[in-house]
Every structure is written in C-alpha cells, then in structure tokens.
Amino acid sequence: MSNKRIFLSLSEQSGFEADYIQKALNSSWITSGGPNVDEFEKELESYIDEKCFVTASNSGTSAIHLALILLGVQSGDEVICQSMTFSASANPILYQGAIPVFIDSEWDTWNLCPENLEIAIKDRIEKGKKPKAIITVHLYGNPYKIDEIHAIADKYNIPIIEDSAEALGSSYKGKKCGTFGEFGVFSFNGNKIITTSSGGALITNSKKLKEKAIFYATQSKDEAVHYQHSKIGYNYRMSNICAGVGLGQMKILQHNINSRRAIHSFYKEIFKSIEGVTLFEVPSYKYYSNYWLSTILIEPDTVKNRSREYLRLAFENANIETRPLWKPMHLQSVFEKYPYYGGKIAEELFEKGLCLPSGSNITEEDRNRIKEVVSVFFK
C-alpha cells in the first residue's frame with residue numbers, strides 16, 4: 001500500500017474555483033469585498049435560511065469578535081463559553097477585555113451542559129455580574145441541546161452567539177445550525193466542510209445588524225468624502241479572491257457532507273465489535289450532524305497497552321494523522337484563572353477522545369490502511 005500521508009481533514013476542489021478567481025482577476029477586484037463576496041453571501045443565505053443575513057469575514061474568529069461588539073460586550077463584562085472547544089471560541093472574549101466563564105460538557109452531545117449553565121448564570125448574578133452573552137458550540141458538527149440551552153438563555157434574557165464553525169450543513173429538528181442564536185458563526189478554514197482558504201461568516205436575522213457588521217469589518221468608515229472614523233474598526237471583510245474559492249466550493253457542499261457522513265458510517269462498522277471503543281453519534285433523529293470529524297472514546301486498558309495515545313501513535317507510525325479531542329479551555333494556561341462551572345466530563349473527553357481522518361477525499365485505499373491499523377491494534 002501507498003505510504004502517503006492521510007490527513008485528518010483536507011479540502012476537496014470542485015474544479016470551479018479557478019473560474020471565479022479568474023473572474024476577480026479579470027475585473028481587477030482583488031481586494032476585500034466585491035462581486036464574489038456579495039454572491040457568496042447570497043448563496044449562503046439561500047442555503048441556510050432565506051430570512052437570514054450573512055456577512056462574509058476573513059475568519060470565523062473575526063465573526064465571533066464582531067458578534068461580541070454588536071452585542072455591546074465591553075471590558076469587564078462576563079461572557080459564558082463552552083470549555084470543550086477550540087480557542088477561537090474564547091479568544092475574542094479577551095479581545096474585548098471581557099471575562100470568559102467556562103462551562104463543562106454533558107455526555108449526550110459533548111456540548112454545553114444545560115444544568116451547569118444555569119448554575120453558572122445564577123452564581124454570576126448573585127456575584128453582581130450577569131453574563132452579557134453565551135457562546136455555544138456545535139462540537140465537531142454535532143448540534144448542542146438547543147431546546148434546553150435556549151430556554152435557559154431566554155429565561156435570563158442573555159443572547160446567544162452560536163459557534164457553528166464546524167457545523168455547516170448540520171441541523172436540529174430540520175432547522176440549520178447557525179440560525180438559532182442572536183448571531184451564528186461559520187468558519188471556512190482549509191479543514192472545514194467547505195473552504196475559502198481563509199474565511200468565515202456572521203449570520204443574523206437583521207439587515208441592519210448585517211450593515212453594522214460590515215461597518216465594523218471595514219474599518220468603521222463614517223459617511224464622508226474623506227476618511228472619517230467615530231468608532232474603532234477592523235479589517236475583517238472577506239477578500240473577493242477568497243469568496244471566489246467559496247463559490248466554487250458551494251457546488252460540492254452537499255457532496256462533502258454526504259462523504260463525511262459516509263466516513264462516519266465506515267468507522268461505525270469497523271468499531272462496532274471492538275470492546276472499550278465508542279464512536280460518537282448524535283443522541284436522536286432530531287439531531288442531524290455533518291460529522292465534520294468522526295470521533296471515538298477509548299477506555300484505557302493498561303494490561304493491553306490500549307489508550308487514546310497508543311492508538312494515535314499506531315496511526316502516526318502508519319503515516320495517518322489523528323488528533324486528541326480539543327483540550328478544554330479551562331485547562332489551558334491562558335484561561336485557567338477564569339471561572340469554571342462543572343465536573344470533569346470535558347477533561348475525560350479530552351483524556352479518552354481521538355479525532356479520526358474524516359475528509360471528503362479519503363479514498364478506498366485510505367480506508368483500507370485505516371482499517372488495517374485498527375485491526376492490528378485491537379487484535
């Protein structure tokens with residue numbers, strides 16, 4: 001078998017990206033904003049929900065930052081954030097000088113725990129600091145407990161920023177992820193369901209909020225013949241070239257989702273009879289996951305030298321990339337001084353969890369190599 005590297009999650013080209021890029025080059029529109037950006041936003045709006053408004057940004061991180069700005073989060077404010085996530089969910093809180101308050105996961109979806117969320121909100125209010133916003137995450141494309149989380153947020157009148165960076169195409173009760181919160185966020189990084197090479201999007205249900213987002217994302221230029229600024233601005237708008245890549249990628253979005261779900265089914269088959277290994281699956285038919293990354297939990301077995309790390313090394317020796325689950329934010333040195341509510345579920349997920357190769361371009365030969373490693377390791 002070939003020993004080429006099998007990566008965790010690589011993008012796949014549709015073949016149409018070059019046409020849109022050339023269109024941008026021919027028009028000399030090779031800066032931020034432009035016709036490709038406008039068209040990409042419209043295609044996303046059509047796919048997600050025609051009642052929503054999309055602002056294309058240069059990253060998912062900048063989209064979260066814009067959402068915090070639009071919600072009026074300022075220095076000293078507190079923002080609740082899921083601990084089991086990538087740091088990009090939490091970093092923008094510090095950009096604003098605000099204080100992150102981290103919450104543990106629950107076992108059904110591995111996402112924000114409703115019980116600990118309400119405990120945290122009550123405690124912060126008692127301490128005189130009602131949280132200004134909640135950042136929820138659809139981890140690895142798997143929807144969180146939307147009904148429970150939003151009921152609590154509504155009860156205390158706290159807006160939700162829905163981090164759907166990994167969840168384009170996922171849905172709950174037939175409604176697309178990214179449309180449940182006051183703001184939704186997508187990422188189009190090179191490892192996501194579709195890519196713009198670098199980029200993201202902010203989702204709102206208000207044209208006025210979209211206009212405000214674009215205002216802040218384009219250096220907050222006031223209406224004047226000269227450059228006039230009354231607000232701090234940012235260089236966050238997506239480029240016309242990147243949007244061209246995105247337009248080409250939209251043509252294979254459903255193909256990519258179907259492919260990743262098929263990879264998940266492949267893992268379900270090869271792990272179904274292996275004791276001590278659990279493949280994550282959504283808890284019910286109400287949850288539809290794009291399975292951006294397929295993930296497993298491995299119960300450590302010291303007698304047989306089996307653990308998440310031993311399996312990761314076995315894959316690495318075969319030139320196959322795997323990776324531990326996200327290390328919880330409350331365990332990171334940059335965030336460990338901030339409040340945390342919950343037990344050790346997120347920690348246990350990190351200790352036992354492994355992300356498996358899940359790209360839509362994984363070949364049959366790749367699958368055979370993956371299957372061989374699993375077979376030898378668990379025999």
Q: Return yes if some donor-acceptor pair links the side-chain N/O of T195 with the main-chain N/O of K192 below 3.5 Å, else return no.
A: no
Report task. State whether K129 and E78 are salt-bridged, where the test is any N-O pair (Lys NZ or Arg NE/NH1/NH2 against Asp/Glu carboxylate O) under 4.0 Å. Result -> no
Flag yes if L139 and L354 sit in one hydrophobic cluster, no otherwise; membership is Ile, Leu, Val, Met, Phe, Trp, Tyr, and two members link when side-chain heavy atoms are under 4.5 Å apart. no
When rounded to the nearest 0.5 Å, the distance separating CD1 of I193 from OG of S170 is 7.0 Å
The complete set of ring-ring contact (aromatic ring centres under 6.0 Å, His included) pairs with one or both residues in residues 27-74, sequence neighbours excluded, reads F40-F188, H65-Y95, H65-Y234, H65-Y236
Below 4.0 angstrom, N of the basic side chain to O of the carboxylate: do K132 and D77 qualify? yes
**Message:** Could you go through L356 and T295, starting from their C-alpha distance and side-chain angles, then the distance that decides it, and tell me whether this counts as side-chain contact (heavy atoms from CB on, under 4.5 Å)?
**Reply:** CA-CA 6 Å; L356 303 170; T295 55; over 6 Å; no
### Message
If you define the side chain from C-beta out and look only at heavy atoms, does anything of K304 sit under 4.5 Å from F378?
### Response
no
_For the backbone of T85 and the side chain of S89, can you confirm whether one donor and one acceptor N or O come within less than 3.5 Å of each other?_
no
Do S9 and L293 have side chains that get closer than 4.5 Å, going by heavy atoms?
yes
Lys/Arg-Asp/Glu bridge criterion (N-O < 4.0 Å) met for E41, K210:
yes
- request: For residues S220 and I232, determine if any side-chain heavy atom of one lies less than 4.5 Å from a side-chain heavy atom of the other.
  value: no
What I want to find out is whether K371 reaches E364 closely enough, with some N-O distance under 4.0 Å, to be called a salt bridge.
no
So, T136 and Y144: side-chain donor and acceptor under 3.5 Å apart, yes or no? yes
**Prompt:** Taking the side chain as C-beta and beyond, is there a heavy-atom pair between I370 and Y267 under 4.5 Å?
**Reply:** yes
- Does N58 use its side chain to pair, donor to acceptor, with the backbone of R237 at less than 3.5 Å? no
Q.
Is it the case that atom CD in E115 sees more than 12 heavy atoms from other parts of the structure closer than 6.0 Å?
A. no
| query | Is there side-chain contact between P357 and D366, with heavy atoms separated by less than 4.5 Å? | reply | no
Between P100 and I93 the two heavy atoms that sit nearest each other are N-CG2, 3.7 Å
Here the gap from K344 atom NZ to L349 atom CG, rounded to the nearest 0.5 Å, amounts to 13.0 Å
Requested in this report: Taking atom NZ of K130 as the centre, report whether more than 12 heavy atoms of other residues, nucleotides or ligands fall under 6.0 Å from it.
Outcome: yes
Notebook entry, point to check: Do any N or O atoms from the side chain of H264 and from the backbone of F280 form a donor-acceptor pair under 3.5 angstrom?
Noted result: yes
_Keeping N111 on the side-chain end and N142 on the backbone end, is there a donor-acceptor pair under 3.5 Å?_
yes
Please test E372 against N368 for side chain to side chain donor-acceptor pair (under 3.5 Å), starting from the C-alpha separation and ending with a verdict.
-> CA-CA 6 Å; E372 177 67 17; N368 289 335; over 6 Å; no
Could you tell me whether D147 and K286 have a side-chain N and a carboxylate O separated by less than 4.0 Å? no
If you draw the axis of the six-membered ring of F266, does the NZ or CZ of R367 fall within 45° of it and under 6.0 Å from the ring centre? yes
Carboxylate-amine/guanidinium proximity below 4.0 Å for D19 and K23
no
Are V277 and V376 connected, step by step, through hydrophobic side chains (Ile, Leu, Val, Met, Phe, Trp, Tyr) whose heavy atoms are closer than 4.5 Å? no
Would you say L297 and I270 are hydrophobically clustered, going by side-chain heavy atoms of ILVMFWY under 4.5 Å?
no
Notebook entry, point to check: Side-chain donor-acceptor pair under 3.5 Å between H138 and Y287, yes or no?
Noted result: no
Exercise for review: Please tell me if the side chains of I99 and V79 come closer than 4.5 Å, counting only heavy atoms from C-beta onward.
Suggested key: no
ask   = Is K155 salt-bridged to E118, cutoff N-O under 4.0 Å?
value = yes
When every non-hydrogen atom of S307 is compared with those of I298, the smallest separation belongs to O-CD1, 4.0 Å
Residues K176 and I48: closest non-hydrogen pair is CG-O, 3.5 Å
**Asked** Any ion pair linking K175 and D49 (charged N to carboxylate O, less than 4.0 Å)?
**Response** no
>> Using a 3.5 Å distance criterion without hydrogens, assess whether the side chain of N361 forms a donor-acceptor pair with backbone atoms of E12.
In response: no
Check your understanding: Do R312 and E309 sit within salt-bridge range, that is, some charged N less than 4.0 Å from a carboxylate O?
Key -> yes
**Request:** Spell out, as yes or no, whether a donor-acceptor pair under 3.5 Å connects the side chain of E182 to the backbone of I160.
**Result:** yes
Residues C355 and L325: closest non-hydrogen pair is SG-CD2, 3.6 Å
Salt-bridge test for E299 and K352: reply yes if a basic N is under 4.0 Å from a carboxylate O, no otherwise. yes
* Report yes if the distance between the aromatic ring centroids of H330 and F102 is under 6.0 Å, otherwise no. => no
Evaluate side chain to side chain donor-acceptor pair (under 3.5 Å) for Y341 paired with D104, printing each intermediate quantity in order. CA-CA 6 Å; Y341 292 83; D104 200 4; over 6 Å; no
*Using atom types as modelled and distance alone, determine if a side-chain donor or acceptor of Q82 lies under 3.5 Å from a backbone N or O of M84.*
yes
- Has the side chain of N240 got a donor or acceptor atom that lies under 3.5 Å from a matching backbone atom of N36? yes
Original post:
Would I135 end up clustered with I152 when hydrophobic side chains under 4.5 Å apart are linked, directly or stepwise?
Top reply: no
Exercise. Any chance the side chains of Q22 and N26 put a donor and an acceptor closer than 3.5 Å?
Worked result: yes
In this structure, CD1 of I125 is separated from CD1 of I158 (nearest 0.5 Å) by 6.0 Å
Exercise for the section: For L331, look at atom CG and say whether over 12 heavy atoms of other residues, nucleotides or ligands are found less than 6.0 Å away. Expected result: yes
Separation between CD1 (I146) and OG1 (T179), nearest 0.5 Å, reads 8.0 Å
### Message
Run the side chain to side chain donor-acceptor pair (under 3.5 Å) test on N319 and R5 for me, step by step, so that the C-alpha distance in whole Å, both residues' side-chain angles and the decisive distance to 0.1 Å come before the verdict.
### Response
CA-CA 5 Å; N319 205 20; R5 181 75 162 168; 3.3 Å; yes
Would you mind checking if K268 and E281 are paired as a salt bridge, meaning a charged N to carboxylate O distance below 4.0 Å?
yes
| message | Centroid separation under 6.0 Å, is that true for the rings of F350 and W326? | response | no
Here the gap from N189 atom CG to S198 atom OG, rounded to the nearest 0.5 Å, amounts to 6.5 Å
- Query: With side chains defined as the heavy atoms from C-beta onward, is the minimum distance between I241 and I21 less than 4.5 Å?
  - Reply: yes
Side-chain heavy atoms of Q249 within contact of E17, under 4.5 Å: yes
Exercise. Please check if V245 and V37 belong to a single hydrophobic cluster, counting links between Ile, Leu, Val, Met, Phe, Trp and Tyr side chain heavy atoms closer than 4.5 Å.
Key: no
Give a yes or no on whether a salt bridge exists between R323 and E321, defined as a side-chain N under 4.0 angstrom from a carboxylate O. yes
D108/K145 ion pair, N-O < 4.0 Å: yes
So CD1 of I134 and CG of L112: to nearest 0.5 Å the spacing works out to 7.5 Å
Correct closest heavy-atom pair for E162 and G178 would be OE2-N, 2.6 Å
Side-chain donor or acceptor of Y285 paired with backbone N/O of Y288 under 3.5 Å | no
